[in-house]
Amino acid sequence: MRIVAAVVGVVLASGAFAQAYPSRPVKVVVPWPPGQATDIAARVVADKLQAALGQPFVADNRPGAGGSIGTDVVAKSAPDGYTLLAASSGPISIMPNLQKIPYDPLKDLAPVSLIAAVPFVLTTHPSFPAADARAFVALVKANPGKFTFASSGTAATAHLFAELFNSVAGLQARHVPYKGSAPALTDVMNGQVTYAVETVAAAGSHVKSGRLKAFGVTTLRRAGALPEVPSLAEATGLSYEAAAWVGYAAPPGTPREIRERLSSEIRKIMTSDEMRERYVALGMDTASSTPDEMAAFMRREQERYGNIIRNANIKAE
């Protein structure tokens with residue numbers, strides 16, 4: 001009976017601890033500069049968490065080394081729920097497959113919840129002689145090595161998603177890396193490079209203005225910001241799906257009750273029409289998950305990116 005009473009006491013105490021949380025401001029480390037996509041997505045959620053939980057959720061930008069500096073700060077922080085990470089696919093899912101980093105994302109971070117899916121879109125110059133995605137695949141496939149594709153940099157997410165599409169579709173094209181999405185898309189619009197698979201956030205306005213032709217988005221569902229553009233899977237019949245992601249994570253050992261409470265609040269936040277509209281304006285789609293679902297998702301994503309990198313023989317610059 002004493003053992004049972006002790007166990008019940010621990011459970012009640014942990015539940016009370018979670019209910020009392022937070023009792024002071026919470027720091028959200030953003031491993032990117034202000035204004036970057038992860039930063040904006042995380043701040044919008046932080047504002048809502050502050051309103052829901054009654055304590056400030058304060059963004060702390062720690063940019064550098066492709067997001068690994070800020071991510072490492074959180075991995076080594078106290079596991080008390082008062083330091084969180086604006087996690088994203090770059091430093092969590094991609095970098096571990098390319099280079100040595102000072103943390104293991106699957107061991108040194110405690111998942112909380114996903115908050116956003118970031119769709120990409122396959123685009124060309126408007127004059128490209130293909131009416132739809134099937135025709136695009138057929139033309140490029142029939143001319144191996146003739147066409148080029150741009151990306152925001154070697155081993156950038158845009159590069160990996162294009163390589164994945166090329167592999168699934170059986171395309172052979174030459175990669176032309178740039179230093180960022182803007183110059184990559186500029187040369188596609190100028191006709192210097194044939195195509196690019198870039199974020200809807202970066203390419204969407206050019207698609208709507210007619211400066212770029214869109215053949216499909218990388219997510220299985222149509223992107224909220226480009227509802228008229230089909231998914232590439234829908235448009236080609238190929239088994240293709242890809243999206244960058246943003247989420248919240250915590251230091252390892254952060255009490256499960258705290259992470260579950262945060263996750264529960266985030267799931268409420270992300271289902272609102274207001275959040276859907278705000279994210280669509282940012283070129284993103286809302287997402288949410290339990291801590292366990294996010295953990296499984298992170299494992300799958302790290303493995304998938306690793307396969308893309310190995311199959312395309314991509315090396316970090």
Side-chain angles (χ1 to χ4, degrees), residues 30-47 59 61 63 66-67 86-94 114-126 149-153 155-162 164-165 177-189 193 195-232 240-248 270 273-288 301 305:
V30 182
W32 303 100
Q36 189 264 359
T38 300
D39 176 72
I40 297 171
R43 285 175 184 268
V44 171
V45 174
D47 289 344
N61 293 89
S88 59
S89 44
I92 303 297
S93 302
I94 297 174
L114 296 170
I115 63 171
V118 184
F120 285 56
V121 59
L122 170 63
T123 61
T124 68
H125 188 274
F149 69 97
S151 82
S152 52
T157 310
H159 179 200
L160 301 186
F161 287 177
L164 178 61
F165 183 71
Y178 290 80
K179 293 183 178 179
S181 301
L185 289 172
T186 295
D187 271 9
V188 176
M189 288 185 283
V193 185
Y195 64 99
V197 178
E198 262 298 347
T199 63
V200 166
S205 62
H206 303 305
V207 171
K208 291 176 180 177
S209 70
R211 291 191 294 269
L212 286 173
K213 181 190 292 187
F215 289 98
V217 296
T218 60
T219 45
L220 284 183
R221 292 187 299 175
R222 297 189 179 206
L226 288 175
E228 70 283 0
V229 178
S231 71
L232 283 169
Y240 177 79
E241 177 190 11
W245 59 269
V246 183
Y248 268 57
M270 304 316 292
D273 290 338
E274 177 195 355
M275 287 300 288
R276 289 193 189 98
E277 291 170 4
R278 293 186 72 174
Y279 269 41
V280 164
L282 297 171
M284 304 179 189
D285 292 317
T286 57
S288 63
E301 287 294 282
Y305 282 111

| task | Working to the nearest 0.5 Å, report the span between CG of L185 and OG of S205. | result | 9.0 Å

| remark: In this structure, CZ of R222 is separated from OG of S231 (nearest 0.5 Å) by 7.5 Å

| task | Considering non-hydrogen atoms only, spot the tightest contact between A41 and I115 and give its length. | result | O-CD1, 3.8 Å

| task | Take M189 and L212 through the side chain to side chain contact (heavy atoms under 4.5 Å, CB included) test and state the conclusion after the steps. | result | CA-CA 6 Å; M189 288 185 283; L212 286 173; 3.4 Å; yes

| note | The ring pair (Phe, Tyr, Trp, His ring centres under 6.0 Å) partners of F120 (sequence neighbours excluded) come to F161

| field | Atom of N61, atom of P33 and distance for their closest heavy-atom approach | value | ND2-C, 3.6 Å

| Test side chain to side chain contact (heavy atoms under 4.5 Å, CB included) applied to T123 and V207, step by step | CA-CA 8 Å; T123 61; V207 171; 4.1 Å; yes

| remark: Sequence neighbours excluded, the answer for side chain to side chain contact (heavy atoms under 4.5 Å, CB included) partners of A225 is V200, V280

| request: Give the intermediate values and the outcome of side chain to side chain contact (heavy atoms under 4.5 Å, CB included) for residues W245 and V118. | output: CA-CA 6 Å; W245 59 269; V118 184; over 6 Å; no

| Residue pairs passing the side-chain hydrogen bond (donor to acceptor under 3.5 Å, both in side chains) test where at least one lies in residues 208-217, sequence neighbours excluded | H206-R211, S209-R211

| query | Can you list the steps and then say if L114 with S288 is a side chain to side chain contact (heavy atoms under 4.5 Å, CB included)? | reply | CA-CA 5 Å; L114 296 170; S288 63; 5.9 Å; no

| query | If you measure from the Lys or Arg side-chain nitrogens to the Asp or Glu carboxylate oxygens, is any gap between R43 and D47 under 4.0 Å? | reply | no

| said: Using every non-hydrogen atom in the two residues, find where E301 and S93 come nearest and quote the distance to one decimal. | reply: CB-OG, 3.6 Å

| field | N/O donor-acceptor pair under 3.5 Å between S89 side chain and A244 backbone | value | no

| Ignoring hydrogens and geometry, is there a side-chain-to-backbone donor-acceptor pair from D285 to A116 under 3.5 Å? | no

| said: Using a 3.5 Å distance criterion without hydrogens, assess whether the side chain of D39 forms a donor-acceptor pair with backbone atoms of W32. | reply: no

| task | Please name the pair of heavy atoms, one in A87 and one in I92, separated by the smallest distance, quoted to 0.1 Å. | result | CB-CG1, 4.2 Å

| request: To the nearest 0.5 Å, tell me how far Y240 OH sits from L122 CG. | output: 8.0 Å

| field | Qualifying residues under side chain to side chain contact (heavy atoms under 4.5 Å, CB included), relative to A46, sequence neighbours excluded | value | F57, Y248

| With sequence neighbours excluded, residues passing side chain to side chain contact (heavy atoms under 4.5 Å, CB included) with P183 | Y178

| Under the side chain to side chain contact (heavy atoms under 4.5 Å, CB included) test, residues paired with T286 that sit two or more places apart | M270, M275, R276, Y279

| task | Work out which heavy atom in L282 is nearest to a heavy atom in A201; give both atom names and the distance. | result | O-CB, 3.3 Å

| message | With rounding to the nearest 0.5 angstrom, report the CZ to CD1 distance, R278 to I40. | response | 10.5 Å

| field | Between OH on residue Y195 and OG1 on residue T124, distance to nearest 0.5 Å | value | 11.0 Å

| Contact summary for A158 and S152, nearest pair of heavy atoms | CB-OG, 3.9 Å

| query | To the nearest 0.5 Å, what is the distance between OG1 (T218) and CD (E198)? | reply | 10.5 Å

